[in-house]
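For the numbers below, each heavy atom of this structure counts, side chains included, while hydrogens, waters and symmetry mates do not. Because the structure is predicted, anything quoted here is derived from the model rather than measured.
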Amino acid sequence: MSRWKELPAELHPHIRHLIVRLRKLKDHGELSTRQLAAKTGYSTKAWERYLNGRSLPPREAVEAIARISGDNPARLLVLHEMAAERWAEGDRTTPPTRHSTPATPEHEPAEQQPHGRLLHAAIAVGAVALVLSVSTTILLAVQLAEARATAKNNRAGTAAAESDITAPDPASVLPALYTCRPQQTDGHWYAGHSHTQETVVAYGHTGPEVIEAQCLLRRTGISPGDIDGIFGPLTQRAVKRLQIREKLTADGVIGPHTWKALRGTAQK
């Protein structure tokens, strides 16, 4: 078992969670950084930076360590997306906790003291809201991981049914990627996966409507990440960017107005 250096205390939880998971995979496989470098194609020094929180590992390195460790790459890639989002925004540290509530002076009039109780109540409500928000984020991350795992297994099953060749190890099969073929018909753009103009699509959803939206986002010049039919963080961010550009409510949810923007006329 490796004796790991302490990670910086201020490291953002999403990034810390990914690094801790990578460390566990390395220890479980009883691999040295030299062996890890030989098996993944990334140098020993690179892995030392990744595992000590000095540099964010690329997606391909995360897939490689999951594959050689026998872990599910889809679940690990969800953690990587969440960490990459924070890293790209420069939000690599946990916001400092403030303890600045002043005590009530002994000479303060009695009628002013209820304001202190109201302040404490407001702080308590805020703490509960924060806990609920974190819980929702974790739940959505789990749902996204399950969606990726389902897409991966479906692809593996299709390959086995259509070929006499032995099906590959499920741990090495990645989620399916789809082709975009945008065409303009009657002044509207379609990518060949769905003709909907009203279906509501949001974070955690999967299916042809998501593929259609990802293709049309890419056509507008805004990258949603992989065209995999899974509405993850990168797709949600791309939707918000389009909504801001089109002066729509930037909620990251695709509804009738956002579909209209996606299927609009060609970019000039």
Contact summary for L56 and A84, nearest pair of heavy atoms: CD2-CA, 3.6 Å

Pairwise side-chain contact, E85 with W87, heavy-atom cut-off 4.5 Å (strictly under): no

Output for pair (M82 CE, H12 NE2), nearest 0.5 Å, gives 8.5 Å

Got a sec, which residues hit side chain to side chain contact (heavy atoms under 4.5 Å, CB included) with I244, two or more places apart in sequence or on another chain? A250

Under 3.5 Å, side chain of W189 to main-chain N/O of G264, donor-acceptor pair present? yes

Is a donor on one side and an acceptor on the other found under 3.5 Å between the side chain of R218 and the backbone of A213? no

One thing to verify: whether R59 and D226 come together as a salt bridge, which I'm taking to mean a side-chain N less than 4.0 angstrom from a carboxylate O. yes

What distance do Q197 atom CD and I254 atom CD1 have between them, rounded to the nearest 0.5 Å? 13.0 Å

So, the side chain of Q214 versus the backbone of Y178: is there a donor-acceptor pair under 3.5 Å, distance only? no

For G252, is there any backbone N or O sitting under 3.5 Å from a side-chain donor or acceptor partner on K240? no

Is a donor from one side chain sitting under 3.5 angstrom from an acceptor on the other, for T199 and E209? no

Using side-chain heavy atoms (C-beta onward) and a distance below 4.5 Å, is P73 in contact with V62? no

Contacts of V20 meeting side chain to side chain contact (heavy atoms under 4.5 Å, CB included) (sequence neighbours excluded), chain-then-number -> L7, R16, K24

Using atom types as modelled and distance alone, determine if a side-chain donor or acceptor of Q183 lies under 3.5 Å from a backbone N or O of A191. no

So, using salt bridge (charged side-chain N to carboxylate O under 4.0 Å, His left out) as the criterion, who are the partners of R21 when residues are at least two apart? D71

Restricting to pairs with a member in residues 186-228, which pass disulfide (SG to SG under 2.5 Å), not counting sequence neighbours? C180-C215

What's the separation between atom CZ in R237 and atom CD1 in I222, rounded to the nearest 0.5 Å? 12.0 Å

Could you check whether any side-chain N or O of H17 sits under 3.5 Å from a backbone N or O of H14, counting only pairs where one atom can act as donor and the other as acceptor? no

Say you draw a straight line from CG of L25 to CD1 of I68; how long is it, rounded to the nearest 0.5 Å? 9.0 Å

Donor-acceptor list for residues 45-52 side chains, cut-off 3.5 Å, not counting sequence neighbours:
from, atom 1, to, atom 2, distance (Å)
W47, NE1, T40, OG1, 2.9
N52, OD1, R23, NH2, 3.4
N52, ND2, E48, O, 2.9

Out of curiosity, R263 CZ to D186 CG, how far, rounded to the nearest 0.5 Å? 12.5 Å

T235 side-chain N/O to P224 backbone N/O, donor-acceptor pair under 3.5 Å: yes

For H193, is there any backbone N or O sitting under 3.5 Å from a side-chain donor or acceptor partner on E212? yes

Side chains of Q243 and T249: do they bring a donor and an acceptor to under 3.5 Å? no

What I want to find out is whether E63 reaches R67 closely enough, with some N-O distance under 4.0 Å, to be called a salt bridge. no

Looking only at atom types and distance, does a side-chain atom of Q35 sit under 3.5 Å from a main-chain N or O of S32, one as donor and one as acceptor? yes

Would you name the heavy atoms of I211 and G229 that are closest together and state the gap between them? CG1-CA, 3.4 Å

Between T258 and L248, is there a side-chain heavy-atom distance shorter than 4.5 Å? yes

Distance col, row L216:CG vs H188:NE2, nearest 0.5 angstrom, shows 11.5 Å

Min side-chain heavy-atom separation V253-V201 under 4.5 Å: no

Partners of E6 by side chain to side chain contact (heavy atoms under 4.5 Å, CB included), sequence neighbours excluded? none

